[in-house]
Amino acid sequence: MTIRVIIVDDQAMVRAGFAALLSAQADIDVVGEAPDGRQGVQVSRTVHPDVVLMDVRMPEMDGLAAARELLGPPPGVVHRPKVLMLTTFDIDDYVYEALRAGASGFLLKDAPPADLIAAVRVVASGEALLAPSVTRRLIADFVQQRPAPRKDPALRLKGLTPRETEVLELIARGLSNQEIAGHLVLAEQTVKTHIGRVLAKLDLRDRAQAVIFAYEAGLVRPGDGD
């Protein structure tokens, strides 16, 4: 099945470069682009892409506001694409808030072409792009500046089994399913089952939101495991 993508970035050269790269892939079709978040939302609701590549800093409406519009649409709007944020190291607060809003992850704008292609495929498949350790560090750095963990997430942790809590902690540390399976000496399919139950019990959309939840619940502290 072809992955339908739109590119939202205020730099025409970036849009053109990404579009050329992605369109060259047999399984990816670039179906639209926009120079700012507001137009990006409009284009998305017109062409219904599977994945939106969303820059963070743009005029009119920034990528964070646009992601919130797409992932929390008004009544009557059914389509909700996966959103992959395009960012740089100096805006970790935007990254954190975008993940909380439901974005499936982020990619550094200067990442190698192969990483961009892989990221689109990963996000389209329903996974979150959180494997690189840099993601964990960026989130942890920002969480460290936030108030103490809220009580509500900590209370919701009580609904998990000990094994599910353990799996959630390893997700938050940035481990892949395969790495979690090796760490806990479980089959990878069993890990996937545990993750599905964790997401369902905590009413979370994906791994990205699970990471945010784990930090806010105090299950993982900034700097743990580094």
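What you see is a predicted model, and the numbers here were worked out from it, not measured in a lab.
Looking only at distances, no side-chain donor or acceptor of S23 sits under 3.5 Å from a matching main-chain atom of A20. Side chain of S44 to backbone of G40: no donor-acceptor contact under 3.5 angstrom is found. When atom types are taken as modelled, the side chain of T190 and the backbone of L186 share no donor-acceptor pair closer than 3.5 angstrom. The backbone N or O of L22 sits nowhere less than 3.5 Å from a side-chain atom of Q25 that would complete a donor-acceptor pair. Counting only distance, with no hydrogens or angles, the side chain of Q39 and the backbone of D36 share no donor-acceptor pair below 3.5 Å. Side-chain N or O atoms of D9 include one that pairs as donor or acceptor with a backbone N or O of Q11 at under 3.5 Å. Of the possible polar contacts, one joining the R80 side chain to the L71 backbone as a donor-acceptor pair under 3.5 Å is found.
Minimum interatomic distance between G32 and V43 (heavy atoms only, all atoms of both residues): CA-CG1, 4.3 Å.
Residue pairs meeting the salt bridge (Lys or Arg N to Asp or Glu O under 4.0 Å) criterion with at least one partner in residues 10-19, sequence neighbours excluded, are R15-E33.
By the salt bridge (Lys or Arg N to Asp or Glu O under 4.0 Å) test, R197 pairs with no residue at all, sequence neighbours left out. Looking at residues two or more places apart in sequence or on another chain, you find no ring pair (Phe, Tyr, Trp, His ring centres under 6.0 Å) involving H183.
Exactly one of L84, L70, L86, V41 qualifies for a side chain to side chain contact (heavy atoms under 4.5 Å, CB included) with M54. That residue is L70.
Using a 4.5 Å cut-off on side-chain heavy atoms (C-beta onward), L184 and V191 make no contact.
Note on D27 versus R121: salt bridge recorded, some NZ/NE/NH1/NH2 to OD/OE distance being below 4.0 Å.
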Q) Which is it for D62 and R57 under the salt bridge (Lys or Arg N to Asp or Glu O under 4.0 Å) test, yes or no, and what are the steps along the way? A) CA-CA 5 Å; D62 66 26; R57 290 178 174 172; over 6 Å; no

